[in-house]
> 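Handing you this structure, nothing more for now.
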Amino acid sequence: MTHYWLMKSEPDAFSIDDLKRLKKSPWDGVRNYQARNFMKEMKEGDKVFFYHSSCSPSGIAGTAKVSKKAYPDHTSWDASSYYFDPKSTQDNPRWFMVDVEFVEKWPSILTLAELKQDSVLADMLLTKKGNRLSVMPITKDEWEYITVMLKK
DNA sequence: GCCAACGTTGGC
DNA sequence: GCCAACGTTGGC
């Protein structure tokens with residue numbers, strides 16, 4: 001069964017255009033346990049909203065899909081990497097990543113402000129105050145509703 | 001750049 | 001196990 005997710009990235013570091021160009025990319029550098037646990041639940045073919053964060057405007061930029069399920073994030077073993085974590089070992093990897101594949105770039109960003117304005121989406125994790133999760137689940141209803149919003 | 005809201009760390 | 005101090009995220 002397909003599950004639905006939202007993944008945040010700062011477009012200065014990695015944007016929907018980067019993914020479009022590369023077609024497929026590892027989603028490395030997640031260093032939050034809740035986000036990691038969600039990635040471990042991902043299955044190949046799961047659908048992903050690609051969210052641009054810490055930019056203007058912040059919002060959903062397009063869609064992607066999971067092309068490889070969770071495997072150890074090797075950047076946690078690389079002492080020269082920004083994402084290095086000495087507590088993550090080969091025998092007992094602490095951090096994981098998935099591969100995502102480009103699906104679609106939307107004609108415009110569906111902004112956080114627009115998402116917040118919609119009462120139907122009031123229960124979304126994303127629009128809740130103080131939510132900083134970089135990987136979060138989306139319900140099927142939310143996925144379909146947001147997809148329709150875009151086409152208006 | 002500010003700062004609220006979290007998450008993590010480490011002393012006790 | 002508590003909790004203060006510190007670090008990070010991310011909208012504004």
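Here is how names work: the chains are called A, B, and so on, in the same order as the sequence lines, proteins then strands, and each is numbered from 1. Since the model is a prediction, treat every value here as computed from it, not as a measurement.
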> Should the pair A:Lys105-A:Asp17 be classified as a salt bridge under the 4.0 Å nitrogen-to-oxygen rule?
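Counted as a salt bridge, because a side-chain N and a carboxylate O are separated by less than 4.0 Å.
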> Looking at DNA chain B, which of residues 106-114 of chain A put a heavy atom within less than 4.0 Å of it?
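The answer is none.
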> Answer yes or no: are there more than 12 heavy-atom neighbours, outside A:Lys8 itself, under 6.0 Å from its atom NZ?
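Counting neighbours around NZ of A:Lys8, more than 12 heavy atoms of other residues, nucleotides or ligands fall under 6.0 Å, so yes.
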> How close do A:Thr75 and A:Gly29 get, counting heavy atoms only, and between which atoms?
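Closest heavy-atom pair between A:Thr75 and A:Gly29: OG1-N, 4.4 Å.
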> Among the clusters formed by ILVMFWY side chains lying less than 4.5 Å apart, do A:Tyr33 and A:Phe38 turn up in the same one?
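Shared cluster, no.
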> Is A:Val135 reachable from A:Ile60 through a run of hydrophobic residues whose side-chain heavy atoms are each under 4.5 Å from the next?
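Shared cluster, yes.
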> Looking at DNA chain B, which of residues 120-134 of chain A put a heavy atom within less than 4.0 Å of it?
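Result for residues 120-134 of chain A: A:Lys129, A:Gly130, A:Arg132, sorted by number.
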> Are A:Phe49 and A:Trp143 an aromatic pair by the rule of ring centers under 6.0 Å?
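Between A:Trp143 and A:Phe49, which both carry aromatic rings, the centre distance is below 6.0 Å.
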> For A:Lys69, is there an ion pair with A:Asp99 - N to carboxylate O distance below 4.0 angstrom?
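Salt bridge flag = no for A:Lys69 with A:Asp99.
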> Identify whether NZ of Lys or CZ of Arg in A:Lys40 sits under 6.0 Å from the centre of the six-membered ring of A:Phe96 and within 45° of that ring's axis.
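Flagged: A:Lys40 positioned over aromatic ring of A:Phe96.
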> Is the shortest heavy-atom distance from the side chain of A:Ile138 to the side chain of A:Met124 under 4.5 Å?
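Answer yes - side chains close enough.
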> Output all residues satisfying side-chain hydrogen bond (donor to acceptor under 3.5 Å, both in side chains) with A:Arg132, sequence neighbours left out; order by chain, then residue number.
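Checked A:Arg132 against side-chain hydrogen bond (donor to acceptor under 3.5 Å, both in side chains); zero matches.
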> Please list residues of residues 79-93 of chain A whose heavy atoms come under 4.0 Å from any atom in DNA chain B, ordered by number; otherwise none.
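Contacting residues: none.
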> Please find the pair of heavy atoms, one from A:Ala13 and one from A:Asp18, that lie closest to each other, and give the distance.
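Smallest interatomic distance, heavy atoms only, reads O-OD2, 4.2 Å.
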> To the nearest 0.5 Å, what is the distance between OH on A:Tyr83 and CG on A:Asp28?
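Atom-to-atom, A:Tyr83:OH and A:Asp28:CG are 6.0 Å apart.
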> Report which part of the nucleic acid A:Ser58 touches: base, sugar-phosphate, or nothing (heavy-atom distance under 4.0 Å, all strands).
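The answer is sugar-phosphate, as A:Ser58 gets under 4.0 Å only of primed atoms, P, OP1 or OP2.
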> Reading DNA chain B 5' to 3', which nucleotide is the first, and which the last, to come under 4.0 Å of any heavy atom in chain A?
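The footprint of chain A covers B:dA5 to B:dT8.
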> Could you give all pairs that pass the ring pair (Phe, Tyr, Trp, His ring centres under 6.0 Å) test and reach residues 51-81 of chain A, with sequence neighbours left out?
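Qualifying pairs: A:Phe50-A:His52.
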> Mind checking A:Gln34 for me? I need base, sugar-phosphate or nothing, with any heavy atom below 4.0 Å counting as a touch.
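Since only primed, P, OP1 and OP2 atoms lie under 4.0 Å of A:Gln34, the category is sugar-phosphate.
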